[in-house]
Amino acid sequence: MRLKGKVALITGAARGQGEAEARMFSREGAKVVVSDVLEDAGRKVAKEISDGGGEALFVKLDVTSEAGWKQAVEATVKRFSKLDILVNNAAILYTEPVLETTVEIWDRTMDINSTGVFLGTREVIPHMRRNGGGSIVNIASLSANVAGPYAAAYHASKGAVRIFTKAAAIQYAKENIRVNSVHPGPVDTKMIRDAYAESWLKRIDTQSPMGRMASSDEIAYCVLFLASDEASYVTGVELIVDGGWGAQ
Ligand SMILES: NC(=O)c1ccc[n+]([C@@H]2O[C@H](COP(=O)([O-])OP(=O)(O)OC[C@H]3O[C@@H](n4cnc5c(N)ncnc54)[C@H](O)[C@@H]3O)[C@@H](O)[C@H]2O)c1
């Protein structure tokens, strides 16, 4: 019960890593707000958590919407009285290199992956402040640290998350609000399987020191640590979880 009594809001929690985090956080004693643009899948995750004896609420949230953030945080506090943890997990991936990146691809990627993280952070800090502290975990990517042949806008958006995290961390550290980022290498979810052909994904087996992608749970355990009071002196860090990929 590493999150006993905590209230956590997770974006993009209808599937993939966000779903794994919602289920794991609930198993560890948290009350969980599952949020996503995918309504049916998100409701299903929240219902299964509740049916299994946990406490969960689904809130439809497009992370690019300022009004949406206000409503989601209000709904969280109304139902569970407070908000201790925010996981900014929602994101999209376009794989186009620079010359193929349209302004629409660039703007959409920055809106969801970077602006969404800023809006969420700005919305929850006053509640955490009132509560005496809190933990924000931003899901960046190894793509924030090392470049690759694809995905120009994605790299830029995750680089923004990396340094925004550190700025927010030092600005609110005195108020016991911790802000950290998690940087996964390849994770076996719909995002990467939709983006890349099977032949390209097979290269991961030879290029990764561990010879495989991560599971969503392997990332979620790291998010859990940063979200919990076990990480009470950890702020402004980037936790790379990549099976050794970036160490090469
Ligand atoms: N899968 C990987 O290889 C990998 C690697 C590094 C980092 N990441 C990061 O991990 C996080 C989780 O990704 P995943 O692998 O679970 O992918 P995923 O595509 O399975 O999940 C992403 C979720 O975000 C939601 N989402 C998309 N746009 C949204 C919006 N505007 N508002 C709210 N929700 C929205 C989607 O509906 C989906 O449920 C993302 O931040 C991603 O960039 C993934």
Side-chain angles (χ1 to χ4, degrees), residues 9-24 33-46 58-69 71-72 86-95 105 107-120 123 136-148 150-151 153-162 164-165 181-196 200-201 203-205 207-208 210 212-220 222-223 238-243 245-246:
L9 168 59
I10 304 172
T11 68
R15 68 175 194 220
Q17 295 172 60
E19 176 186 357
E21 286 146 18
R23 292 183 190 279
M24 186 179 287
V33 179
V34 174
S35 74
D36 207 296
V37 285
L38 300 176
E39 206 163 342
D40 291 348
R43 281 195 195 286
K44 186 164 176 275
V45 171
F58 172 76
V59 174
K60 187 171 182 189
L61 169 63
D62 178 338
V63 295
T64 65
S65 163
E66 255 185 293
W69 269 109
Q71 284 163 11
L86 169 66
V87 183
N88 279 311
N89 166 78
I92 54 165
L93 165 62
Y94 285 101
T95 55
I105 288 174
D107 285 348
R108 181 103 185 110
T109 304
M110 296 307 262
D111 280 353
I112 296 175
N113 297 10
S114 307
T115 309
V117 171
F118 152 64
L119 290 175
E123 196 59 41
I136 300 171
V137 185
N138 297 328
I139 309 304
S141 169
L142 186 62
S143 300
N145 305 78
V146 299
Y150 304 107
Y154 185 79
H155 279 288
S157 71
K158 293 298 187 175
V161 171
R162 173 181 173 272
F164 172 76
T165 299
S181 54
V182 171
H183 298 231
V187 187
D188 195 354
T189 65
K190 192 164 164 34
M191 174 180 280
I192 200 165
R193 292 202 171 271
D194 283 356
Y196 296 109
W200 189 88
L201 291 174
R203 287 173 48 200
I204 292 168
D205 300 346
Q207 289 186 359
S208 162
M210 294 193 97
R212 63 175 178 82
M213 292 194 262
S215 71
S216 290
D217 271 358
E218 286 175 310
I219 308 302
C222 299
V223 180
E238 45 190 280
L239 179 49
I240 296 177
V241 191
D242 67 347
W245 190 300

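Fair warning: this is a prediction, and the values are worked out from it, not measured in the lab. Just so you know, residue 1 is the first one in the sequence shown, and it goes up from there. For ligands, and for the atoms within them, numbers begin at 1 and follow the listed sequence.
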May I ask you to identify the nearest protein heavy atom to [atom], giving residue, atom name and distance to one decimal place in Å?
{"atom": "atom 20 (O) of ligand 1", "answer": "Arg15 NE, 3.0 Å"}
{"atom": "atom 27 (C) of ligand 1", "answer": "Ala91 O, 3.7 Å"}
{"atom": "atom 26 (N) of ligand 1", "answer": "Ala90 CB, 4.0 Å"}
{"atom": "atom 29 (C) of ligand 1", "answer": "Val37 CG2, 3.9 Å"}
{"atom": "atom 3 (O) of ligand 1", "answer": "Val187 N, 2.8 Å"}
{"atom": "atom 36 (C) of ligand 1", "answer": "Asp36 OD1, 3.6 Å"}
{"atom": "atom 15 (O) of ligand 1", "answer": "Thr189 OG1, 2.6 Å"}
{"atom": "atom 12 (C) of ligand 1", "answer": "Asn89 OD1, 3.1 Å"}

In ligand 1, which numbered atoms sit nearer than 4.0 Å to a non-hydrogen atom of [X]?
{"X": "Leu61", "answer": "32 (N), 33 (C)"}
{"X": "Pro186", "answer": "3 (O)"}
{"X": "Gly12", "answer": "23 (C), 24 (O), 25 (C), 39 (O)"}
{"X": "Gly16", "answer": "16 (O), 20 (O)"}
{"X": "Asp62", "answer": "30 (C), 31 (N), 32 (N)"}
{"X": "Ile192", "answer": "3 (O)"}

Using a 4.0 Å heavy-atom threshold (strictly under), name the region of [X] that reaches ligand 1: side chain, backbone, both or neither.
{"X": "Ile112", "answer": "side chain"}
{"X": "Leu38", "answer": "side chain"}
{"X": "Leu93", "answer": "neither"}
{"X": "Lys158", "answer": "side chain"}

Enter the distance from [X]:[atom1] to [Y]:[atom2] here, rounded to the nearest 0.5 Å.
{"X": "Ile240", "Y": "Cys222", "atom1": "CD1", "atom2": "SG", "result": "11.5 Å"}
{"X": "Arg193", "Y": "Met213", "atom1": "CZ", "atom2": "CE", "result": "4.0 Å"}
{"X": "Tyr154", "Y": "Thr95", "atom1": "OH", "atom2": "OG1", "result": "11.5 Å"}

Open item on the list: Tell me whether Gly18 has any N or O atom under 3.5 angstrom from an N or O of ligand 1.
Closed with: no

Task: Qualifying residue for side-chain contact (heavy atoms from CB on, under 4.5 Å) with Val137, from Thr165, Asn88, Val182, Leu86 - done: Val182

Close approach of [X] to ligand 1, heavy atoms, under 4.0 angstrom:
{"X": "Gly185", "result": "yes"}
{"X": "Glu19", "result": "no"}
{"X": "Thr11", "result": "no"}

Taking [X] for its side chain and [Y] for its backbone only, find out whether a donor-acceptor pair lies under 3.5 Å.
{"X": "Ser114", "Y": "Ser157", "answer": "yes"}
{"X": "Ser35", "Y": "Ile10", "answer": "yes"}
{"X": "Asn113", "Y": "Ile92", "answer": "yes"}
{"X": "Asn89", "Y": "Thr11", "answer": "yes"}
{"X": "Asn138", "Y": "Ala140", "answer": "no"}
{"X": "His183", "Y": "Ala144", "answer": "no"}

TODO: May I ask you to check whether over 12 heavy atoms, not counting those of Asp194, lie within 6.0 Å of atom CG?
DONE: yes

- [ ] Look at atom 28 (N) of ligand 1 and find which of Val161, Ile92, Val117 reaches it with the closest heavy atom.
- [x] Ile92

Open item on the list: Just to be sure I'm reading this right: ignoring hydrogens, which of Gly116, Ser143, Ala140, Ala220 gets closest to atom 7 (C) of ligand 1? Compare them by their nearest heavy atoms.
Closed with: Ala140

TODO: Identify the heavy atoms of Ser216 and Gln17 that sit nearest to each other, and give their distance.
DONE: OG-N, 3.5 Å

- [ ] Heavy atoms only: give me the nearest Ile204-Pro186 pair and the separation to one decimal.
- [x] CD1-CB, 3.8 Å

- [ ] Report the C-alpha separation of Ser215 and Asp217 in whole Å, then their side-chain angles, then the decisive distance to 0.1 Å, and conclude whether the side-chain hydrogen bond (donor to acceptor under 3.5 Å, both in side chains) test is met.
- [x] CA-CA 5 Å; Ser215 71; Asp217 271 358; 5.7 Å; no

